[in-house]
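One structure is given here, and the rest of the page talks about it.
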Amino acid sequence: MSIKANWSYPTAIRFGAGRISEIADACKTAGISKPLLVTDRGLASMEITTKTLDLLEAAGLGRAMFSDVDPNPNEKNAEAGVKAYREGGHDGVIAFGGGSGLDLGKLVAFMAGQTRPLWDFEDIGDWWTRADADAIAPIVAVPTTAGTGSEVGRASVITNSETQQKKIIFHPKFLPTVVICDPELTVGMPGFITAGTGLDAFAHCVEAFCSPHYHPMSQGIALEGMRLVKDYLPRAFAVGTDLEARAHMMSAAMMGATAFQKGLGAIHALSHPIGAMYHTHHGTTNAVCMPAVLQFNKPAITDVIGQAAKYLDIAGGFDGFCGFVDDLNASLGIPKNLTAMGIENPDVDRIVAGALIDPSTGGNPIEMTQENTTKLLMACI
Ligand SMILES: [Zn+2]
């Protein structure tokens, strides 16, 4: 089965195997004639990246790349990226990669024309209105994993390297003008990244679905996103070259990020400080925390998870769903808890403090306090 489609929701999406060949045309559509491709160090030398640069060069768009990007990108990476962008005289960004390359690429496009410092634009209240919207450069996004969904997101997660806190920078114009979703770019992902990123998409869908805010559109998207993960993540994990499974996982990733406009919750509230402090993989950390968070939220989500279980053809309502999550994690090699993940003697107070001020906390169906969040974290450890 080969899937090819053009969508205009939530932005212009060119979906299908081999469509990276349209990268130069996508730049043209976005009004970019001298792009800076931003990706992470790991991807910089990989064939999918050099081939993309070849396509750009052949079309007369140059082959400029910035790849000094850490796995959890920080403000130093952003500063260096903006410098490269300005010195190169670029007029737009190709954000290329997993969450790190996508988020930093979007941030470079955002910051390239701003005069205020980065932290002035943190996602607090209406600080995003401090930005000069006209100075934000156009973005073409090319995901090479299937999980973050950042290619259709309006925010960028960036670590403050001084405080070791993950911060969210938000602006509506972070939404890329054009997205190329080419499942062939994801076939080379190692199994543990396929699992971790796929389960990040799953966590986005589950948390959005359980968040108490009113947003029926997100509810529908989250539910079908869960189904795609359930049916296709095990296949993509087992046979990396299964293009149909890879394609459906790319959709699930975008659906998770579209759905979580409704809200996230305790999984992300915990995983953001843990990732910032211990440099763990974001999606894998979420997967490790999910079973304990489901139990934590049980009094508020028994019914809604019961509905999801019905749709997903999982017997046993809430408990059946939790059993499914445990089995899925085990089958994908996810560690049982944070200790098994290699975090020894974590700083409980600091993680809890970070979780309580994380913007995801507001979407959790049960109010998170110092006391109950400490208990929850202990259950994850
Ligand atoms: Zn996430």
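Indexing begins at 1, ligand by ligand and atom by atom, following the structure's order. Position 1 is the first residue of the sequence, and the numbers go up from there.
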Ring geometry between Trp128 and His171 (parallel below 30°, tilted from 30 to 60°, perpendicular above 60°):
perpendicular
Mind counting the protein N, O or S atoms sitting less than 2.8 Å from the Zn ion (ligand 1)?
4
I'd like to know if the side chain of Arg154 pairs up with that of Thr11 as donor and acceptor (distance under 3.5 Å, no hydrogens or angles considered).
no
With sequence neighbours excluded, tell me which residues meet side chain to side chain donor-acceptor pair (under 3.5 Å) with Asn329.
none
Can a donor-acceptor pair be found between the side chains of His282 and His272 at a distance below 3.5 Å?
no
Return each pair, listed once, that meets salt bridge (Lys or Arg N to Asp or Glu O under 4.0 Å) where at least one residue sits in residues 128-150; pairs must be two or more places apart or across chains.
none
Tell me every residue that passes ring pair (Phe, Tyr, Trp, His ring centres under 6.0 Å) with Phe321, counting only those two or more places apart in sequence or in another chain.
none
